[in-house]
Amino acid sequence: MNKLIIISGPSGAGKGTVVKELLKIYEENKDSVYLSISATTRDIREGEVDGVSYYFIKEEEFLSKIKEGDFLEYNQYGTGKYYGTLKSKVLEHLKTGDVILEIDINGYKQVMNNYQGALGIFIAPPSIEELENRLRGRGTETEENIKKRLETAKSELENKDIYKYIVVNEDNKSREAAEEIYKIIKNN
Ligand code: 5GP
């Protein structure tokens, strides 16, 4: 049976890098997987591509998609921006392989209510200090946004026990974290 996997973790935990490694492991195993592309109203960052990193849309369009019931889940994040998973894409790709959602804790709760059998994995940073270093090291956020992201991160870390599995992403060990996650998925 193909699985719906939810990967969460605070901004700066290194989720993006771990998920990239995880996709490589799927490929090495000739295993089929789709990484869901979310819609968001936040600004595009340097290096990001519309339709690859996210579907970057205007708030008006996002609100109309909420009305139409197009989202499997959505959330207004700590920064005030909206993020959501498009239901149709997820259901279509589940026919041919596993589907990974990289979403926040609010989205996770919604999916667990709406979809039976979804598997939740939380990626944690080694420490809050390390998380702050990583967030600042990115150099892509304003000071105000960094503060909001840190606040959200702290509350996410306090709630991590609602996930079935917690994987710590140690510095420079994203391959190991991804291997651990792949094993968890295949053993479930
Ligand atoms: P970022 O702005 O750093 O790309 O993402 C901020 C947060 O939004 C991260 O915790 C990320 O996992 C979460 N996020 C990304 N896409 C979605 C989504 O479709 N739904 C929800 N609920 N959260 C999302």
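Given the structure is predicted, the values throughout are model-derived calculations rather than measurements. This chain uses plain numbering: 1 for the first residue, then up along the sequence. For ligands, and for the atoms within them, numbers begin at 1 and follow the listed sequence. Computed from heavy atoms alone, side chains included, the values below leave out hydrogens, waters and symmetry copies.
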If you count the atoms of ligand 1 from 1 in the order shown, which ones are under 4.0 Å from a heavy atom of [X]?
{"X": "R42", "result": "1 (P), 2 (O), 4 (O)"}
{"X": "G107", "result": "22 (N)"}
{"X": "D104", "result": "10 (O), 12 (O), 13 (C), 21 (C), 22 (N), 23 (N), 24 (C)"}
{"X": "R149", "result": "1 (P), 2 (O), 3 (O), 6 (C)"}
{"X": "E102", "result": "12 (O), 14 (N), 15 (C), 16 (N), 17 (C)"}

Does the distance from a Lys or Arg side-chain N to an Asp or Glu carboxylate O, for [X] and [Y], drop under 4.0 Å?
{"X": "R134", "Y": "E130", "answer": "yes"}
{"X": "E144", "Y": "K148", "answer": "yes"}
{"X": "E132", "Y": "R136", "answer": "yes"}
{"X": "R175", "Y": "E179", "answer": "yes"}
{"X": "E141", "Y": "R45", "answer": "yes"}
{"X": "K24", "Y": "E21", "answer": "yes"}
{"X": "K15", "Y": "D104", "answer": "no"}

Is there any N or O on [X] that sits under 3.5 Å from an N or O of ligand 1?
{"X": "E156", "value": "no"}
{"X": "A39", "value": "no"}
{"X": "N75", "value": "no"}

Atom 17 (C) of ligand 1: which of Y54, Y74, Y55, Y83 has the nearest heavy atom? Y83
So is [X] touching ligand 1 or not, going by heavy atoms under 4.0 Å?
{"X": "K81", "result": "no"}
{"X": "Y108", "result": "no"}
{"X": "T85", "result": "yes"}
{"X": "K15", "result": "yes"}

Taking the six-membered ring for Trp, is the centroid-to-centroid distance between Y74 and Y83 below 6.0 Å? no
For atom 20 (N) of ligand 1, what is the closest protein heavy atom, and at what distance to 0.1 Å? E73 OE2, 2.7 Å
Nearest non-hydrogen protein atom to atom 16 (N) of ligand 1, with distance, is S38 OG, 3.1 Å
Select one of side chain, backbone, both or neither to describe which atoms of Q76 lie under 4.0 Å from any atom of ligand 1, heavy atoms only. neither
In terms of relative ring orientation, are Y26 and Y182 parallel, tilted or perpendicular, with 30° and 60° separating the classes? perpendicular
So do the side chains of V99 and N2 get within less than 4.5 Å of each other, counting heavy atoms only? no
